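Quick notes on the structure that follows.
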Amino acid sequence: MLWSQQSLFGDPGWDLTHINDLAALEEKVKTCRRCGLRSGCRGVVFGEGNPRAKLVLCGEGPGEDEDRLGRPFVGRAGQLLDKILAACGFERFTHVYILNAVKCRPPGNRIPTEEERAACRPNLEAQLRILRPRIIVLLGATALQVLLDPRGRISRDRGRWVERDGVWYMPTYHPAALLRNPNLKREAWEDFKQVVAKYRELIDPGHVAPYC
Ligand code: SF4
């Protein structure tokens with residue numbers, strides 16, 4: 001599994017394998033300084049949602065609003081994500097857990113480097129090991145590349161399920177991309193309709209969604 005018990009990086013000073021509680025993991029990750037991003041932001045944005053949710057959404061990294069408030073997806077892109085989730089019958093503190101591939105804001109919202117992604121990966125792996133999701137929605141290329149395919153391209157790979165070790169991955173556009181290019185919203189909605197169908201298949205056959 002991607003989030004195996006063994007850290008991929010052999011960093012004995014950053015062993016998270018003994019932590020099996022999400023709150024304890026959050027306390028630990030908030031002390032992380034494994035890459036340079038931490039020195040340029042206000043704090044670690046760990047993630048939020050229902051810790052027992054079996055549907056996880058993974059984005060890229062915190063933006064300005066997320067860094068200021070210490071919460072994921074709370075700016076304009078987050079508001080759009082909440083609308084999409086509502087159309088799917090999902091609420092962020094009930095049905096899902098939302099996190100990012102890197103936990104600290106990259107300066108100017110640039111894409112996290114390979115080194116920063118690698119440094120934060122044990123934190124992400126530990127989160128997913130504890131959450132044990134059945135479905136992971138990959139919001140944008142960084143999430144796709146970190147969790148599924150280092151060479152992944154969202155325009156090519158979106159909308160198609162990939163199953164690994166019992167976890168179903170759906171790559172789709174990051175909500176920020178939908179704000180930049182509203183023409184992509186139709187495809188993104190098709191992807192989320194598939195997520196609702198998979199949620200009914202794997203998690204809750206009686207799930208009610210207003211628009212699908
Ligand atoms: S981005 Fe991740 S690895 Fe880098 S300091 Fe923040 S929590 Fe640690």
Side-chain angles (χ1 to χ4, degrees), residues 22 41 44-106 109-112 120 124 127-128 131 133-148 152 154-155 157-161 167-200 203-204 207-212:
L22 206 59
C41 71
V44 170
V45 179
F46 182 75
E48 71 178 25
N50 181 351
R52 290 179 299 282
K54 293 299 155 200
L55 170 57
V56 162
L57 293 100
C58 182
E60 179 176 279
E64 183 178 6
D65 293 319
E66 289 74 17
D67 183 47
R68 182 168 48 83
L69 297 172
R71 298 177 54 205
F73 282 95
V74 289
R76 284 183 64 224
Q79 289 162 17
L80 176 56
L81 181 63
D82 281 338
K83 285 182 186 169
I84 296 170
L85 291 176
C88 294
F90 298 135
E91 195 277 328
R92 73 160 65 195
F93 290 102
T94 306
H95 302 89
V96 305
Y97 195 92
I98 303 175
L99 43 72
N100 282 306
V102 301
K103 315 298 179 195
C104 298
R105 183 193 179 200
N109 295 344
R110 65 161 170 75
I111 296 170
C120 213
L124 177 61
Q127 280 181 303
L128 295 174
L131 287 163
R134 298 294 314 279
I135 302 170
I136 301 180
V137 179
L138 303 167
L139 298 168
T142 297
L144 168 64
Q145 291 161 3
V146 166
L147 282 177
L148 208 54
I154 211 73
S155 56
D157 299 333
R158 58 147 285 275
R160 282 183 289 146
W161 289 108
V167 181
W168 291 80
Y169 296 83
M170 172 55 73
T172 190
Y173 295 110
H174 192 285
L178 305 180
L179 290 173
R180 286 193 298 270
N181 183 359
N183 291 331
L184 300 176
K185 285 183 180 177
R186 189 185 54 78
E187 288 174 303
W189 179 236
E190 293 302 316
D191 301 343
F192 272 94
K193 284 200 288 190
Q194 290 199 67
V195 172
V196 172
K198 188 63 76 180
Y199 189 88
R200 288 183 178 128
I203 297 169
D204 179 7
H207 178 70
V208 175
Y211 296 108
C212 48

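From a predicted model like this one, the values you see are computed outputs, not experimental measurements.
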Output the distance between atom CD (Q194) and atom CD1 (I135), rounded to the nearest 0.5 Å. 11.0 Å
On a heavy-atom basis, the closest approach of C212 and A87 is SG-O, 4.2 Å
Which of these passes side-chain contact (heavy atoms from CB on, under 4.5 Å) with V56: L128, V96, I98? L128
Starting at CZ of R76, measure out to CG of L81 and round the result to the nearest 0.5 Å. 14.0 Å
Using 0.5 Å steps for rounding, measure from the CD1 atom of I84 to the OH atom of Y211. 13.5 Å
Listed pairs under 3.5 Å, donor-acceptor, residues 138-147 side chains, sequence neighbours left out:
from: T142; atom 1: OG1; to: E60; atom 2: OE1; distance (Å): 2.7
from: Q145; atom 1: OE1; to: R117; atom 2: NH1; distance (Å): 2.8
from: Q145; atom 1: NE2; to: G152; atom 2: O; distance (Å): 3.0

Is there a donor-acceptor pair under 3.5 Å between the side chain of R105 and the backbone N or O of P62? no
Distance, nearest 0.5 Å, that separates CG of L148 from CE of M170: 11.0 Å
Can you confirm whether more than 12 heavy atoms, excluding those of R110, are under 6.0 Å from its CZ atom? yes
For the residue pair V196 and F90, what are the closest heavy atoms and their distance? CG2-CE1, 4.1 Å
Identify the heavy atoms of I136 and C58 that sit nearest to each other, and give their distance. CG2-CB, 4.5 Å
Taking atom CD of E64 as the centre, report whether more than 12 heavy atoms of other residues, nucleotides or ligands fall under 6.0 Å from it. no
Which pair of heavy atoms, one from S155 and one from Y173, lies closest together, and at what distance? CA-OH, 4.4 Å
Over all atoms of both residues, closest heavy-atom pair of D191 and P171: OD2-O, 4.0 Å
Taking all non-hydrogen atoms of both residues into account, name the closest pair between L22 and P51 and its distance. CD2-CB, 3.9 Å
Rounded to the nearest 0.5 Å, how far does CG of D82 lie from CD of E91? 8.0 Å
F73 and L57: CA distance, side-chain angles, deciding distance, side-chain contact (heavy atoms from CB on, under 4.5 Å) verdict: CA-CA 10 Å; F73 282 95; L57 293 100; over 6 Å; no
From CA spacing to verdict: side-chain contact (heavy atoms from CB on, under 4.5 Å), V195, W161: CA-CA 9 Å; V195 172; W161 289 108; 4.1 Å; yes
